[in-house]
Number of protein chains: 2
Amino acid sequence: MENPISSAVEDYLKAIFELGEKDIKTQDLADSLKFSPASVTGMLKKLSKLNLVSYKKYYGVSLTKQGRLMALETIRHHRLIETYLMQALGYEWHEVHDEADRLEHVISENFEERIAKLLGNPSYDPHGDPIPCKDGIMPQLLGQPLIDFAVGTNIKLTRITKQDSEVLIYLAENELKPGGVFTIEARAPFNGPLTLNKGKKPIPLSYQLAKAIYAQAAI
Amino acid sequence: MENPISSAVEDYLKAIFELGEKDIKTQDLADSLKFSPASVTGMLKKLSKLNLVSYKKYYGVSLTKQGRLMALETIRHHRLIETYLMQALGYEWHEVHDEADRLEHVISENFEERIAKLLGNPSYDPHGDPIPCKDGIMPQLLGQPLIDFAVGTNIKLTRITKQDSEVLIYLAENELKPGGVFTIEARAPFNGPLTLNKGKKPIPLSYQLAKAIYAQAAI
DNA sequence: AAAAATTTTTAGGCATGACTAAAAATATAA
DNA sequence: TTATATTTTTAGTCATGCCTAAAAATTTTT
């Protein structure tokens, strides 16, 4: 009767959470999970029956309070694990995501607590993503997209919202990670690339990429 | 066509390996895995088709070379993880087994290598069980069962072949773990209990338990 | 060696969770 | 507003891997 939650369910809840507050469309979920829309519909019915999701046919889904909490727990696992892999096991930035995607479903409360404590209960992971607290409270998102800053501004990076290996390797090579301080050197018109500088050589970033990198104004 | 190996398959291979060299009976496997004999038969047919096992109906199973290597890899994962959990995360002895049983199926080669290196490529886990090398070579088993030693002998514990929480808690409380040095103080006749001593108070061990604890003669 | 007991296998089911193809609903265009 | 296009759902499959009940093979007893 009281079945344990499967990783499939956890993946759906996480994906719904990450698609936002509004009513999520079947298609968007299917794209995000790389499943067929038909499969998604099937699972949504199941999640609905489990009261993890509120689902209106042809209209969209959103998480119930319970489903949201469950999504947050998985995300907490994921982000703690990513932090731990880098901090304690010397993983590179681009290596952590896939590993965390598997581990997040199997670690115990015990494991979670131990690594959280060891890391000093961090509020942000190595990408600058907030790590939800155990009570489901999410630390605030820090910063705004790079493209929102004027040329000449000094900024401190807060968050990188990309996880493609190639991008992360490029960024890591240029020390573009949360905490890094740079100046916005230039910005080409018509959604052209943006150039950062740290005193060394300038670092060009495509418009798309600059939209995915968040920062705060710095001294 | 080329499917990834499931954890179910890994569990079967591990169980077969741990039941020994000889032809393993369906019933023994079923008991060990806590599945019905019918389910075991079904899976054995599948493993046979995958060339992981050589299976003769009504007779028994044993691992093929390939299956053995796969079993050893899972066991290596398990034992490295147990070692890591205690050494790096401060787990208690009795907490590691279940956690390792879940993690062993999902960690990457990368993870395995990193924790192995961090631990200094250990050859034995916290229970004294040998950790297979990556090439499938198993370090030798150390020691003999406690009941093989004469009263008065000084012994060094090498291996505890039990994983019941309660037993492990009892043993840990009395510092009975691999490396511990004791004297065999007494042994009751007719397969009665055995008493160890370390200068403090004597530690009684049931015959059954004493059979499951291995040691070497010490100074 | 035949009968009885035990073990193992076969047969048939079920839950999970993916898929494709076709039907139905909704949204867009004419 | 009707026709067309798109999205979503339904219907039906399939693989995995467990289960129980019954049949078949093997082992033990008499």
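Listed by residue number, A:K25, A:T26 are the residues of residues 11-26 of chain A with a heavy-atom contact under 4.0 Å to DNA chain D. For the contact set between residues 40-53 of chain A and DNA chain D, defined by any heavy atom under 4.0 Å, the members are A:T41, A:K45.
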Solution key, residues 32-54 of chain B side-chain donor-acceptor pairs under 3.5 Å, sequence neighbours excluded:
from, atom 1, to, atom 2, distance (Å)
B:S36, OG, B:S39, N, 3.1
B:S36, OG, B:S39, OG, 2.9
B:T41, OG1, B:P37, O, 3.2

Would you mind writing out the side-chain donor-acceptor pairs for residues 12-19 of chain A within the sub-3.5 Å range, not counting sequence neighbours?
from, atom 1, to, atom 2, distance (Å)
A:K14, NZ, A:D101, OD1, 2.9
A:K14, NZ, A:E104, OE1, 3.3
A:K14, NZ, A:E104, OE2, 2.9

If you look only at distance, which donor and acceptor atoms sit under 3.5 Å apart when one is on a side chain in residues 122-131 of chain A and the other is two or more places apart or in another chain?
from, atom 1, to, atom 2, distance (Å)
A:Y124, OH, A:Q140, O, 2.6
A:D125, OD1, A:H127, N, 2.7
A:D125, OD1, A:G128, N, 3.1
A:D125, OD1, A:D129, N, 3.0
A:H127, ND1, A:E82, OE1, 2.9
A:D129, OD1, A:R159, NE, 2.8
A:D129, OD1, A:R159, NH2, 3.4

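The phosphate of C:dA18 has neither OP1 nor OP2 within less than 4.0 Å of any side-chain N or O from A:S36. Close to D:dG17, at under 4.0 Å from its OP1 or OP2, lies no side-chain N or O of B:S39. Close to D:dT9, at under 4.0 Å from its OP1 or OP2, lies a side-chain N or O of A:Y55.
Atom P of nucleotide C:dG17 and atom CD of A:E10 are separated by 11 Å, given to the nearest angstrom. Computed from coordinates, the A:F35 CZ to C:dT16 P distance equals 16 Å when rounded to whole Å. Between A:L33 atom CG and C:dC19 atom P the separation is 10 Å, expressed in whole Å. Distance A:L29 CG to D:dT7 C1': 14 Å, rounded to the nearest Å.
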Report the C-alpha separation of B:K134 and B:E113 in whole Å, then their side-chain angles, then the decisive distance to 0.1 Å, and conclude whether the salt bridge (Lys or Arg N to Asp or Glu O under 4.0 Å) test is met.
-> CA-CA 10 Å; B:K134 291 202 70 161; B:E113 279 164 19; 3.1 Å; yes
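The side chain to side chain donor-acceptor pair (under 3.5 Å) search around A:K57 returns none, not counting sequence neighbours. Under the side-chain contact (heavy atoms from CB on, under 4.5 Å) criterion, A:P145 pairs with A:I147, A:D148, A:Y214, not counting sequence neighbours. The side-chain contact (heavy atoms from CB on, under 4.5 Å) search around B:S206 returns B:Q208, B:L209, not counting sequence neighbours.
Residue pairs meeting the ring pair (Phe, Tyr, Trp, His ring centres under 6.0 Å) criterion with at least one member in residues 48-85 of chain A, sequence neighbours excluded, are A:H78-A:H97. Annotation: side-chain hydrogen bond (donor to acceptor under 3.5 Å, both in side chains) contacts involving residues 63-72 of chain A, sequence neighbours excluded, are absent.
Nearest approach of A:F149 to A:R187, heavy atoms of both residues: O-NH1, 3.7 Å. The shortest heavy-atom contact between A:W93 and A:A172 is CE3-CB, 4.0 Å.
The number of heavy atoms from other shown groups lying within 6.0 Å of CD (A:E109) is above 12. In A:K117, the NZ atom is not crowded: 12 or fewer heavy atoms of neighbouring residues, nucleotides or ligands sit closer than 6.0 Å.
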Sort me out a list of protein N/O and nucleotides 12-14 of chain D N/O pairs below 3.5 Å, or just none if empty.
none

Which letters describe nucleotides 21-28 of chain D, given B = protein heavy atom under 4.0 Å from base, S = only from sugar-phosphate, - = neither?
-> B---SS--
